[in-house]
Amino acid sequence: MIDLASTIEFLRSVSPVAFVLGEALVLYGVTGVLFDRTGSTVKDAIKTE
Amino acid sequence: MVGGVSTLSVVGFGLFGVLVGVIFGYFGMGSFMVTPTLLVFGYDATVAVGSGLAFVFGTAVIATLKHREMGQVDYTLGIVTIVGTTIGIEVGKRGLLYFRSIGLADGIVTAAYVVLLGGVGAMVVLEALGEDSSAEDGEGTGRLSWVPTLGVRPCLSLRGGVNISAWMLVPLTFLTGLPAGLLGIGGGFIRVPALTYLVGVTMPIAVGTSVFAIMVSGGIGSLSWAQAGGVELAIVAPLLLGSAFGARLGSSVTDLVDTETGRLYFGIMLVFGAVAVAVRQVGIRLDVPELRVLGVALIVGSAVVVTGTVLYSGVQALRRPHDVSPSAD
């Protein structure tokens, strides 16, 4: 038998870590797009400065 | 106010996150800066440690994915590192409990922290400043010549053409976990030089593999602290937001700045850290709050200086195309 109350309590207690993992993955994607798009432009600007 | 934390603090955490992110992305360490800073700002030890660990976990996820993109994570080495380090941490924790039971924990932890940070830092600086490469073996790796490779099977082939016996590797990773458990830290500042000088992988691979190991151990530790109510999202979320950008910058620079310069910065960072921890611990033992604050100010100040220097070196490397490694993105 799965104890629903303790399962919910466990999920609630670990939810901050799930949030951190989700935030990290979203930020990785967002910064990746930003850096890929602007990174080469910035590098080219520095190289040709 | 955001979740009980002032808006100004949230912005401050975001900026601090950028600094830690650059250092974490570049050196594969930095967790030792977060928890003491939160403690100085008056947060409960449970929240400071739990939130610090959750932040390290999030930053390690981002840094690992970035290093993976650049082919700088050796999973074989990473898994062995996690196993050896976990056993070492457990033994180290038991050692700490023993020292605590006989009333020697504070003194031993402080001395070990300063000696390890300062000693490893000084060794890395001297190695980076020395032109003589005779300390390295003939395989083109950074392994010190006096470290035995032991040809006993099973042997593991690591990235960069490094071959090492598992009988050598597992005890080495155990030894890197031992002080981590004793001092209650992530251990990146011990693991990265150990993987570079004792195992022989390049510094970028040592960093990539170290952040992979920190991601796994940090995730497990964060779950434990979250169950104890120690993870405060109003602190972790802005720190992580800032560090995401910082980690991208730091990880990118690892392939731009030459290895010796990277080692030099790493060593200087460790020496700064040793001085800062020593000052903070003296403040705690003598109950002088100003010294505790000064210790954290030294940590944050050295982070600012090292971050600026690393980014400046990256820009300089971009201006000299012949210095850029072929794998740089």
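Excluded from the calculations below are hydrogen atoms, water molecules and symmetry mates; all remaining heavy atoms, backbone and side chain alike, are included. Note on naming: letters A, B, ... go to the chains in the order of the sequence lines (proteins, then strands), and numbering restarts at 1 for each one.
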- [ ] Could you go through the side chain to side chain contact (heavy atoms under 4.5 Å, CB included) check for B/Ile205 and B/Leu195 one step at a time?
- [x] CA-CA 9 Å; B/Ile205 291 174; B/Leu195 293 180; over 6 Å; no
Task: Side chain / backbone / both / neither for B/Leu223 at chain A, heavy atoms under 4.5 Å - done: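 Both parts, backbone and side chain.
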TODO: Name the option with the most non-hydrogen atom pairs under 4.5 Å to chain B; the candidates are A/Ser15, A/Pro16, A/Ala18.
DONE: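 Looking at each of A/Ser15, A/Pro16, A/Ala18 in turn, A/Pro16 comes out on top.
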Task: Heavy-atom side-chain proximity of B/Leu311 to B/Leu249 below 4.5 angstrom - done: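 SC-SC contact between B/Leu311 and B/Leu249 confirmed.
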Task: Contact leader toward chain A among B/Ser222, B/Ala237, B/Gly229, where contacts are heavy-atom pairs under 4.5 Å - done: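 Option with the greatest count: B/Ala237.
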Open item on the list: Just so I understand: if I count every heavy-atom pair under 4.5 Å between each of B/Leu65, B/Val61, B/Thr59 and chain A, which residue has the most?
Closed with: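 Most pairs with chain A among the choices: B/Leu65.
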TODO: Please check if the side chain of B/Thr64 supplies one atom and the backbone of B/Val211 the other of a donor-acceptor pair under 3.5 Å.
DONE: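 Indeed, once roles are kept as given, a pair shorter than 3.5 Å links the two residues.
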TODO: For B/Tyr75, look at atom OH and say whether over 12 heavy atoms of other residues, nucleotides or ligands are found less than 6.0 Å away.
DONE: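 Counting other residues, nucleotides and ligands, OH of B/Tyr75 exceeds 12 neighbours.
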